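No experiment lies behind these values; they were computed from the predicted model shown. Start at 1 with the first residue, then count along the sequence.
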Amino acid sequence: MRSVVFDLDGTLVDTSADLVAAANDCFRARGLGDVLDPVADAGVAFRGGRAMLREGFARTGAGGADEVEADYPRLLEAYGAAIAVHSQPYEGAWGAVETLRARGFAVAICTNKPEHLARRLMDAMGTAHCLPALVGADTLAVSKPDPAPFLEAVSRAGGDRERSLMVGDTETDLKTARAASVPCILVGFGPWGREIAKMGPDAVLDRFADLPDLAARMLE
């Protein structure tokens, strides 16, 4: 069965404001105030919790690797407590997923968000039924860009590795696809816009309405 595996943050759902809010909770606890901006730092947010902490500490000169690891659990707790306050799906995301399913594609999520938080987000948005096959950062012993989580997501969805592709928004997703020897589509509506084409994906997706036909052509 042909399979489409999605990243979650920055691909299906714009979670940047809630992620930044969780990071700023950590910075405020250290007396640094709100270091990150939910709009200007959306790209930082989509690189993950530790990336946000590293960026904030680098800007303020208030910490390094030890402080990042010390604050990461606090960030996860703050994020989990307010996981879908501002988060919104990108236009047409769930419709594209349902169209793919109706056309006989297997669909799944492969994210570097901890699995329990990814499932909590999907539950909070009422969309868990759309993509029940989900692999998070801690589902296996390794995470993206190792190909194992991608391949596990394909397997859980009942798909065929040789007829699968990755849809994501960062270099990590591209590296994951390359490691798994599958095509990669990167979205062009995130913080980087069409500039993401410079990374060299197999295709750039400007709107979700185009995804079902694009996936069909790429997996013929």
Side-chain angles (χ1 to χ4, degrees), residues 1-22 38 42 45-49 75-140 143-144 149-159 164-170 172-173 176-177 184-191 205-216 219:
M1 182 184 295
R2 293 178 296 179
S3 308
V4 177
V5 178
F6 295 90
D7 175 54
L8 182 55
D9 300 77
T11 300
L12 288 169
V13 183
D14 183 353
T15 55
S16 56
D18 289 325
L19 290 166
V20 167
F46 293 147
R47 292 201 296 270
L75 184 150
L76 294 181
E77 182 178 358
Y79 179 62
I83 201 165
V85 176
H86 304 290
S87 295
Q88 294 291 331
Y90 289 104
E91 183 177 358
W94 306 128
V97 171
E98 292 295 354
T99 298
L100 286 166
R101 293 176 65 185
R103 293 187 184 182
F105 285 79
V107 292
I109 287 175
C110 181
T111 176
N112 272 354
K113 184 192 293 293
E115 182 177 346
H116 75 283
L117 290 177
R119 293 193 181 280
R120 187 181 302 179
L121 175 62
M122 295 291 284
D123 287 340
M125 301 189 76
T127 52
H129 65 284
C130 296
L131 288 153
L134 187 155
V135 176
D138 53 356
T139 303
L140 305 180
S143 58
K144 296 187 297 184
F150 172 88
L151 299 175
E152 178 67 14
V154 172
S155 177
R156 291 188 179 194
S164 62
L165 61 80
M166 179 85 206
V167 181
D169 71 307
T170 66
T172 297
D173 298 311
T176 301
C184 181
I185 299 171
L186 294 180
V187 299
F189 44 74
L205 183 69
D206 292 317
R207 58 176 194 157
F208 268 110
D210 298 331
L211 180 59
D213 288 342
L214 177 60
L219 296 176

Ignoring hydrogens and angles, write down the donor-acceptor pairs under 3.5 Å from the side chains of residues 103-116, residues two or more places apart or on other chains.
from: Arg103; atom 1: NH1; to: Asp213; atom 2: OD1; distance (Å): 2.7
from: Arg103; atom 1: NH2; to: Asp213; atom 2: OD1; distance (Å): 3.4
from: Thr111; atom 1: OG1; to: Lys113; atom 2: N; distance (Å): 2.9
from: Asn112; atom 1: OD1; to: Lys144; atom 2: N; distance (Å): 3.2
from: Asn112; atom 1: ND2; to: Lys144; atom 2: O; distance (Å): 3.0
from: Lys113; atom 1: NZ; to: Asp9; atom 2: OD1; distance (Å): 3.4
from: Lys113; atom 1: NZ; to: Asp9; atom 2: OD2; distance (Å): 2.9
from: Lys113; atom 1: NZ; to: Tyr79; atom 2: OH; distance (Å): 2.8
from: Glu115; atom 1: OE1; to: Thr139; atom 2: OG1; distance (Å): 2.6
from: Glu115; atom 1: OE2; to: Arg119; atom 2: NE; distance (Å): 2.9
from: Glu115; atom 1: OE2; to: Arg119; atom 2: NH2; distance (Å): 3.2

Would you say the side chain of [Y] lies within less than 4.5 Å of the side chain of [X], judging by non-hydrogen atoms?
X     : Y      : answer
Val97 : Leu131 : yes
Leu12 : Phe208 : yes
Pro38 : His86  : no
Phe6  : Leu100 : yes

(message) Measuring from atom CE of Met122 to atom NE2 of His129, what distance do you get when rounded to the nearest 0.5 angstrom?
(response)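 One finds 8.5 Å between CE of Met122 and NE2 of His129.
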
(request) Without swapping roles, check the side chain of Thr176 against the backbone of Thr172 for a donor-acceptor pair under 3.5 Å. (result)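 The answer is yes, because a donor-acceptor pair under 3.5 Å joins these two groups.
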
Heavy-atom closest pair, residues [X] and [Y]:
X      : Y      : value
Thr99  : Pro212 : CG2-CG, 3.6 Å
Gly168 : Asp173 : CA-OD2, 3.4 Å
Phe46  : Leu19  : CD2-CD1, 4.5 Å
Ala177 : Met166 : CB-CB, 4.0 Å

(request) Scan Thr15, Asp18, Asp14 and name whichever one has a side chain to side chain donor-acceptor pair (under 3.5 Å) with Ser87. (result)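 By the side chain to side chain donor-acceptor pair (under 3.5 Å) criterion, Ser87 pairs with just one of Thr15, Asp18, Asp14: Asp18.
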
(request) Output all residues satisfying side chain to side chain donor-acceptor pair (under 3.5 Å) with Glu77, sequence neighbours left out; order by chain, then residue number. (result)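 Glu77 satisfies side chain to side chain donor-acceptor pair (under 3.5 Å) with no other residue.
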
(message) Given Asp169, which partner from the list Val187, Leu8, Ile185 fulfils the side chain to side chain contact (heavy atoms under 4.5 Å, CB included) test?
(response) Val187

